[in-house]
Amino acid sequence: MNNNNGRILAIDYGSSRIGLAMSDPLNIIAQGLKTIPNDSKTLNEIHTLVKTHNVSHIIIGNPLHLSGRESLKSSEVESFVQKLKQIISVEIVMVDERFTSVMAQQSIRAM
């Protein structure tokens with residue numbers, strides 16, 4: 001992912017709420033930004049964040065089945081990404097999130 005000197009916005013898509021996290025200006029660390037309702041204002045709010053915080057890339061979790069096949073939720077995420085691409089001109093990357101919760105729990109235990 002080419003940085004272009006902008007921040008990275010991470011999106012955790014949910015049918016009711018959407019979690020947002022943002023990298024620091026150097027893209028070294030990210031922290032939770034806020035949770036917003038998934039409603040008619042969502043796309044405009046994300047667009048505003050992209051402009052306000054100089055976001056160069058968006059990453060969004062793709063909730064695939066453990067087998068790697070697309071799930072109903074991943075189809076919903078793909079539809080959301082297509083809507084975002086219509087109003088936002090930064091690169092949007094879907095990332096496999098199948099094992100992220102397990103990795104986070106292992107990291108917490110290790111600490």
Distance, nearest 0.5 Å, that separates [atom1] of [X] from [atom2] of [Y]:
X   : Y   : atom1 : atom2 : result
L84 : Y13 : CG    : OH    : 10.0 Å
T42 : K83 : OG1   : NZ    : 10.0 Å
K51 : S89 : NZ    : OG    : 8.5 Å
N38 : S15 : CG    : OG    : 7.0 Å
D96 : S74 : CG    : OG    : 10.0 Å

Exercise for the section: Could you check V81, D12, L9, I18 and say which one makes a side chain to side chain contact (heavy atoms under 4.5 Å, CB included) with I60? Expected result: V81
Handout entry: Short side-chain donor-acceptor distance under 3.5 Å, E91 and S56
Key = no
Exercise for the section: Report yes or no: do Q86 and Q82 form a side-chain donor-acceptor pair below 3.5 Å? Expected result: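 Looking only at side-chain atoms, Q82 and Q86 do not form any donor-acceptor pair under 3.5 Å.
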Handout entry: Close side-chain approach of I8 to I58, heavy-atom, < 4.5 Å
Key = no
Completion exercise
Sequence neighbours excluded, the answer for side chain to side chain contact (heavy atoms under 4.5 Å, CB included) partners of H53 is R7, M22, L49, V55
Exercise for the section: Inspect the surroundings of CD in Q31 and state if more than 12 heavy atoms from other residues, nucleotides or ligands are less than 6.0 Å away. Expected result: no
Handout entry: Of all pairs that satisfy salt bridge (charged side-chain N to carboxylate O under 4.0 Å, His left out), the ones with a partner from residues 25-41, not counting sequence neighbours
Key =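 Listed by first then second residue: K34-E45.
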Exercise for the section: Using modelled atom types only, decide if a donor and an acceptor are shared between the side chain of N62 and the backbone of M94 within a distance under 3.5 Å. Expected result: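 Side chain of N62 to backbone of M94: no pair is present.
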